[in-house]
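In what follows, a structure is listed as structure tokens, so that the remarks can point back to it.
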Amino acid sequence: MEQDNEEEVKTFKDLGICEQLVEACDSLGWKNPSKIQAEAIPHALEGKDLIGLAQTGSGKTGAFALPILQALLEAPQAFFACVLSPTRELAIQIAEQFEALGSGIGIKCAVLVGGVDMVQQAINLAKRPHIVVGTPGRLVDHLSNTKGFSLRTLKYLVLDEADRLLNEDFQKSIDEILDEIPRERRTYLFSATMTKKVRKLQRACLRNPVKIEAASKYSTVDTLKQEYCFIPAKYKECYLVYILTEMSGSTSMVFTRTCDATRLLSLILRNLGLRAIPISGQMTQAKRLGALNKFKAGECNVLICTDVASRGLDIPSVDMVINYDIPSNSKDYIHRVGRTARAGRSGVAISLVNQYELEWYIQIEKLIGKKLPQFSAQEEEVLMLFDRVAEAKRISIMKIKESGGKKRRRGGGDDDDNDDNDVEKYLRLKSGKNGKMSKKFNKKRV
Ligand code: AMP
């Protein structure tokens with residue numbers, strides 16, 4: 001479905017978008033449609049089902065939001081469309097785009113995600129919003145428990161990051177949702193990677209869908225410089241600190257495999273004077289949003305994250321992605337590095353590969369179809385960091401143990417705000433004793 005670029009650049013009006021929505025695009029600074037928008041919108045306006053293969057940052061939210069809003073303008077009703085997303089942050093972002101595009105036409109949106117009070121969400125549902133955006137689990141919760149809420153009149157269903165939504169984790173909820181909504185509807189699937197399961201769903205729910213590929217399969221963009229660095233596991237943190245210090249003016253996202261690792265690493269980095277902040281599925285929703293906002297505002301320039309942040313989050317201008325842990329699912333690599341080199345900008349992705357991760361790394365090279373060059377690090381300089389990093393790690397582990405104990409005594413909670421202060425306090429009190437490092441980290445997946 002690739003389109004030739006011989007024609008003039010299209011406008012939203014050329015695609016058939018109505019005046020009110022063209023104005024809305026204009027007010028958001030969207031001058032021309034992005035590639036996925038130019039290709040998807042005309043089919044959507046013809047009433048077709050869609051499968052859109054598009055990377056994060058391609059403008060895919062607009063590609064499905066604009067036709068839905070246009071159809072809604074033609075036949076206004078409550079609970080018109082439901083958009084599902086695998087992560088809470090992405091759901092919130094999608095709702096924000098709907099609200100921004102629909103602000104001039106009085107669009108009401110409800111966001112149904114976990115980690116937030118259900119009662120407030122039920123109150124929002126009672127206001128009969130036009131668009132419901134949510135994560136599958138919470139939507140099912142409301143469908144079962146919120147009086148008077150149903151999606152029996154739904155006209156549009158969108159699965160964003162569809163391949164992830166079709167994973168086993170979500171299978172039960174998605175099936176329950178599909179059972180609750182009319183078969184007579186439009187369905188859009190959007191995803192940066194396409195799995196066999198998407199094809200399965202295509203057979204189950206879509207009607208003669210038009211397939212649009214705004215990105216060639218599993219490719220990474222040309223402006224992205226990708227490198228790997230083969231290192232012994234015990235020096236991983238040193239290499240990370242070395243790279244972040246070398247690139248100290250940049251904004252970076254560092255991907256780890258586990259939630260625990262995000263917290264430990266960010267404590268280590270903060271202890272060493274770097275402005276790092278963790279985000280993971282283990283944090284409360286408020287903390288996750290807070291971390292994201294601090295990163296977006298530039299208060300912190302290193303975001304340490306699990307794959308919860310590899311998809312969909314709209315974080316502008318990340319200069320560097322570091323794969324601190326190599327993903328065991330190579331498609332996650334595509335999503336992670338898609339956080340940099342967006343919208344024509346350049347970016348760097350560095351993968352730290354240790355002796356245990358080689359197999360996964362080889363799979364990644366197979367998927368992207370090229371051998372990557374090696375990142376050149378001054379090994380002596382890296383190793384000079386070893387003692388400082390080991391000490392920072394020891395302090396951070398101690399801090400985590402302590403706060404775990406405190407939290408248990410207090411009965412839970414998620415309060416990392418004072419990490420820096422506590423580490424500083426500990427440094428002041430420290431009397432030079434050598435604590436032993438705990439090996440009980442890094443075991444939980446997102
Ligand atoms: P998405 O891929 O939907 O997450 O969009 C990524 C970013 O691109 C968001 O900040 C959108 O506001 C922005 N965007 C979407 N469509 C356009 C467009 N046609 N022109 C300029 N920016 C856009």
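Order of appearance sets the numbers: ligands from 1, and atoms from 1 within every ligand. Just so you know, these numbers come straight off a predicted model, no measurement behind them.
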Pairing residues for Glu357 by the side chain to side chain contact (heavy atoms under 4.5 Å, CB included) criterion, not counting sequence neighbours
Lys236, Arg257, Asp325, Ile326, Val353, Asn354, Trp360
Consider only side-chain N and O atoms of Gln121 and Arg138, and report whether a donor and an acceptor are under 3.5 Å apart.
yes
Between Gly59 and ligand 1, is there a nitrogen or oxygen pair with a distance under 3.5 Å?
yes
Hey, does Gln37 come in under 3.5 Å of ligand 1, counting only N/O atoms on both sides?
yes
For a 4.5 angstrom cut-off between non-hydrogen side-chain atoms, does Asp160 reach Ile94?
yes
Do Glu161 and His335 have side-chain heavy atoms sitting under 4.5 Å apart?
yes
Please list, in number order, the atoms of ligand 1 under 4.0 Å from a heavy atom of [X].
X     : result
Ser34 : 19 (N)
Thr61 : 1 (P), 3 (O), 4 (O)
Phe12 : 19 (N)
Lys60 : 1 (P), 2 (O), 3 (O)

Kindly assign one of parallel, tilted or perpendicular to the pair Phe149 and His142, based on the angle between their ring planes and the thresholds 30° and 60°.
perpendicular
Can you tell me if Ile94 has a non-hydrogen atom under 4.0 Å from ligand 1?
no
Take every heavy atom of Gln93, measure it against each atom of ligand 1, and state whether any distance is under 4.0 Å.
no
Of the side chain and backbone of Asn32, name the one, both, or neither that has a heavy atom under 4.0 Å from an atom of ligand 1.
backbone
Between Arg185 (side chain) and Pro182 (backbone), is there a donor-acceptor pair under 3.5 Å?
yes
Only counting residues at least two apart or in another chain, list the ones meeting ring pair (Phe, Tyr, Trp, His ring centres under 6.0 Å) with Tyr156.
Phe80, Tyr188
